[in-house]
Colleague: 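Just dropping this structure here.
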2 protein chains.
Amino acid sequence: MKNTIKVERAKKNWTQADLAKHIGISRQGLNSIETGKFIPSTVLALRMAKVFDTTVEVLFQLDEAEG
Amino acid sequence: MKNTIKVERAKKNWTQADLAKHIGISRQGLNSIETGKFIPSTVLALRMAKVFDTTVEVLFQLDEAEG
DNA sequence: CAGCAAAGATAAGTAAACATTTCATATTGT
DNA sequence: ACAATATGAAATGTTTACTTATCTTTGCTG
């Protein structure tokens, strides 16, 4: 799964630590999500979409193998 | 977190087993998601939204404590 | 009423998410 | 270039998503 977290973060000029704090996870946890090391729960995805004022579908995109 | 999986399933006249097969998880796993026993991964949420031709936000709603 | 399919629930086990700590490597400002 | 800050990443440990199996309940249909 791909994501556009870094882009959305840049729009708000937030660090990983900033975003992590907003959605209630550790900085390292967010880093692992952002770099695709693990799949976030739907709660986290919804929280992220909310703070970025966008949708889960915009933030996360399934790739071929997952579709 | 609340969800409208049952409603969407009813629209398509699918059983839990049908939906589970479509998104690639066990029937019991889907049952546990549908009844709120655990939070699905974003991949599953996106797959569900896709097969129902809707969005993750429509299928899953954070409640107060999670918002 | 019998019998089957759909659904809910629970227990035990596995895999993966997420935390914490720590260290290395950019990137940026002065 | 130097220092401070931001990011990437690995090891270890805990929690939780998810599987498989089993049992019960509900509702439908012969």
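Naming: A, B, ... by sequence-line order, numbering from 1 per chain.
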Colleague: So, does A:K37 get its side chain near the phosphate of C:dA17, meaning an N or O under 4.0 Å from OP1 or OP2?
Modeller: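 No, because none of the side-chain N or O atoms of A:K37 sits under 4.0 Å from OP1 or OP2 of C:dA17.
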
Colleague: So which heavy atom on B:M1 is nearest to which on A:V43, and how close?
Modeller: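 Looking at all heavy atoms of both residues, the shortest contact is SD-CG2, 4.0 Å.
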
Colleague: In whole angstrom, give the distance that lies between atom CD of B:Q16 and atom P of D:dT26.
Modeller: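 The distance from CD of B:Q16 to P of D:dT26 comes to 16 Å, rounded to the nearest Å.
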
Colleague: What closest approach, in Å, do A:G67 and B:K50 show between heavy atoms, and which atom pair accounts for it?
Modeller: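 Where A:G67 meets B:K50 most closely, the heavy atoms are O-NZ, 3.3 Å.
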
Colleague: Between A:N31 and D:dG8, is there a contact of a side-chain N or O with OP1 or OP2 at under 4.0 Å?
Modeller: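 Looking at the OP1 and OP2 atoms of D:dG8, one of them is under 4.0 Å from a side-chain N or O of A:N31.
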
Colleague: For DNA chain D, just give me the dot-bracket, please: Watson-Crick or G-U, both distances below 3.5 Å, ( ) intra-strand, [ ] crossing earlier pairs, | paired with another strand, . unpaired.
Modeller: ||||||||||||||||||||||||||||||

Colleague: In whole Å, I'd like the distance from the CG atom of A:N3 to the P atom of C:dA17.
Modeller: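 Checked: the CG to P distance equals 14 Å.
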
Colleague: Between D:dT5 atom P and A:N13 atom CG, what is the distance in whole Å?
Modeller: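 One finds 15 Å between P of D:dT5 and CG of A:N13, rounded.
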
Colleague: Within the supplied structure, the quantity of interest is the number of heavy atoms (other residues, nucleotides, ligands) at a distance under 6.0 Å from A:D63 CG; does it exceed 12?
Modeller: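 Result for CG/A:D63: enclosed.
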
Colleague: CD1 of A:I5 versus C1' of D:dA6: gap in Å, rounded?
Modeller: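 Distance, rounded to whole Å: 16 Å.
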
Colleague: Let me know which of B:R27, B:R9, B:K2 forms a salt bridge (Lys or Arg N to Asp or Glu O under 4.0 Å) with B:E34.
Modeller: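 Considering B:R27, B:R9, B:K2, a salt bridge (Lys or Arg N to Asp or Glu O under 4.0 Å) with B:E34 is found only for B:R9.
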
Colleague: Assuming nearest nucleotide by heavy-atom distance, tell me which of B:R9 and B:S32 is located more 5' along DNA chain C.
Modeller: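 Its nucleotide being nearer the 5' end, the pick is B:R9.
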
Colleague: Does any non-hydrogen side-chain atom of B:T15 lie less than 4.5 Å from one of B:L19?
Modeller: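 No; the side chains remain at least 4.5 Å from each other.
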
Colleague: I need a per-nucleotide contact map over nucleotides 18-30 of chain C, read 5' to 3'. Cutoff is protein heavy atoms under 4.0 Å; write B for the base, S for backbone only, - otherwise.
Modeller: BSBBB--------

Colleague: Is B:K11 close to B:T54 at the side-chain level, that is, under 4.5 Å between some pair of heavy atoms?
Modeller: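 Answer no - side chains too far apart.
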
Colleague: More than 12 foreign heavy atoms under 6.0 Å from CG of A:D53: is that the case here?
Modeller: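 Counting other residues, nucleotides and ligands, CG of A:D53 stays at 12 neighbours or fewer.
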
Colleague: Nearest-Å distance, CD (A:E66) to P (C:dA16)?
Modeller: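 Distance check: A:E66 CD to C:dA16 P gives 13 Å.
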
Colleague: Classify the ring geometry of B:F52 against B:W14: parallel below 30°, tilted from 30° to 60°, perpendicular beyond 60°.
Modeller: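 It falls in the tilted class, 30° to 60°.
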
Colleague: With a 4.5 Å heavy-atom cut-off, do B:L59 and B:N3 have their side chains touching?
Modeller: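 Side chain of B:L59 against side chain of B:N3, heavy atoms only: no contact under 4.5 Å found.
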
